[in-house]
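Small disclaimer: the values here were computed from a predicted structure and weren't measured. Atom set for the values below is all heavy atoms of this structure, side chains included, hydrogens, waters and symmetry mates excluded. When a ligand or atom number is given, it counts from 1 through the structure's own listing order.
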Amino acid sequence: MAAELDYDLILEDEFDALCLDVTGDAADNTSSKPVKYPAKLHARRVAAELGCDSGLVYLPGMPERLLEDSDQPQQFRQRRYFLYMAGANFPDCHVTYDIAADRLILWVPYVEPREVLWYGAKPSTAECMRRYDVDEARYVTQLPKYLSLWTSAHRGRTLFALHADQAPVGTDPDARLNVSLLRPAMDRARVVKTDYEVAMARRANAVSSAAHRKVAQLLLRRLRSERDVEAVFAAVCTAAGARDMAYPVIAGAGENGSVLHYGENDQPLAGKHTMVLDGGCEWHGYASDVTRTLPLAGKWTPRAAAIHAIVQRMQDECIAGVRPGARFDHLHMHAEDVAVDGLLRLGVLRGDRDDVLRAGTVAAFFPHYLGHHVGLEVHDVSGALPIAAAQGLGLDGGKRAMVTPKDSLRMRADRAAETSGHASSRARERQDLRPNMIVTVEPGIYFCRSYLEGYFLDDPVHSRFIDADVLEGYYPVGGVRIEDCILVTRDGNENLTTAPKGEELLDVINGRA
Ligand code: GLY
Ligand code: MN
Ligand code: MN
């Protein structure tokens, strides 16, 4: 990928501006245009998950909206469930799928010529037929009539909508509306990616990886602040055709690296040892999610090196465990074991290994779940079963969930019960990984003073396992997280993320690669 993108990024000191020259293939983003969006395949998957042989699925896309008390548009972001079934990534569309007739219709807005003058045209119905694999593309003005004819011709059949407030307006009041089945059915469909979706995720990862590489290349030569880092990252993605970020860039230097979703990105790099850079763009709506931790002087301080080595081992060993049938909560516990061994070796943790694990104290330093699904959302749907172990404590199964000592203990208790043949229903309901799922593996170790002082250092259960004097020396490390997007394959996994890490990252930073 790096060879495909040929940039010369120049930070102009005087104007604090970013100039970007794009040459070669990178200027021609059309060459990477995707094939037809497989809307029909996705619609059939949803119908199969619904388990119904008739009915009409109706999904409205996102309307164009203005900012409050303003004539300026809100940044457009297509509704994800709509995007999955239709592929159309522009405002004011709708989609219908007649299950029995196997007929998928995309409804698109007609744009008046005077609107074209101001805002340009939207794809015509003919263009939509070329772009998206739908049976028909029609103008939205005909939709009310279609819906009213459909409901009167199919009395007793169900109209499936995602939410009550997304039911189509003006349909027959006698139509049977169901708003409870569609979302779980779509979640089950979305959690296992189609080959098209994998291709999009692969491309998103390639662009994000090139952006991470560019930051590493410029780190010692040109970048002086977290702001510079964010600007370079976004510039590379935008120039490659990926203008939307899957989430706000996290560029946290020094102690800012201990804030999981740090977002200010406005501090100088000078005087800091490490930087957590968590950045991922979207490609045609599909997210990537990539983190690297960089040594800001081009080499690690001894403490940062030690923490980085532990996290790299957590990640390497967990990625090696990603395969069909593997359980993510088991991988998470393995990462915890590696963290405990490493932190005991460094003297940050003290005491007996099993006692430390039985107290769950590792969650002081590794306070989030090992990963999550990635797809049309960066924290994508997880299907019928949660990937996360922390489900049930108000933590959503699909997200980078918080893991507290209690969660850690519960995971271990569940595993012990399973081993002895007494699995709790919670444990039985956790998800096995399946081919074509895409998950992040993103272990981290953080030294967040507020969190540690607020919940651990004064707590007799945990404080006896933490050496506060040794810990003091590790606060400047901030945090270390390493995150890749991993595709589950038939016989193991493939790492979709190609951003440099380990020795290669050091070589790139120091101009040796
Ligand atoms: N970038 C958000 C996450 O890693 O989950
Ligand atoms: Mn993530
Ligand atoms: Mn991330």
D289 neighbourhood, listing ligand 1 atoms whose heavy-atom distance to it stays under 4.0 Å: 1 (N), 2 (C), 3 (C), 4 (O), 5 (O)
Closest E442 atom to the Mn ion (ligand 2) [N, O or S only]: OE2
Atom of D289 closest to the Mn ion (ligand 2), considering N, O or S atoms: OD2
E494 with R202: basic N within carboxylate O range, under 4.0 Å: yes
Heavy-atom side-chain proximity of V477 to H273 below 4.5 angstrom: no
Pair D228 + R222, salt bridge at N-O below 4.0 Å: no
Within 45° cone and under 6.0 Å: R190 NZ/CZ vs Y81 ring: yes
Short N/O/S contact of E483 with the Mn ion (ligand 3) (below 2.8 Å): yes
Under 4.0 Å to a heavy atom of H379 - the qualifying atoms of ligand 1, by number: 2 (C), 3 (C), 5 (O)
2.8 Å cut-off met by an N, O or S atom of H372 to the Mn ion (ligand 2): yes
N/O/S from D278 sitting under 2.8 Å away from the Mn ion (ligand 2): no
Any N or O of D278 closer than 3.5 Å to N or O of ligand 1: yes
R512, CZ: over 12 other non-hydrogen atoms inside 6.0 angstrom: yes
Pairing of R313 and E317 as salt bridge, 4.0 angstrom limit: yes
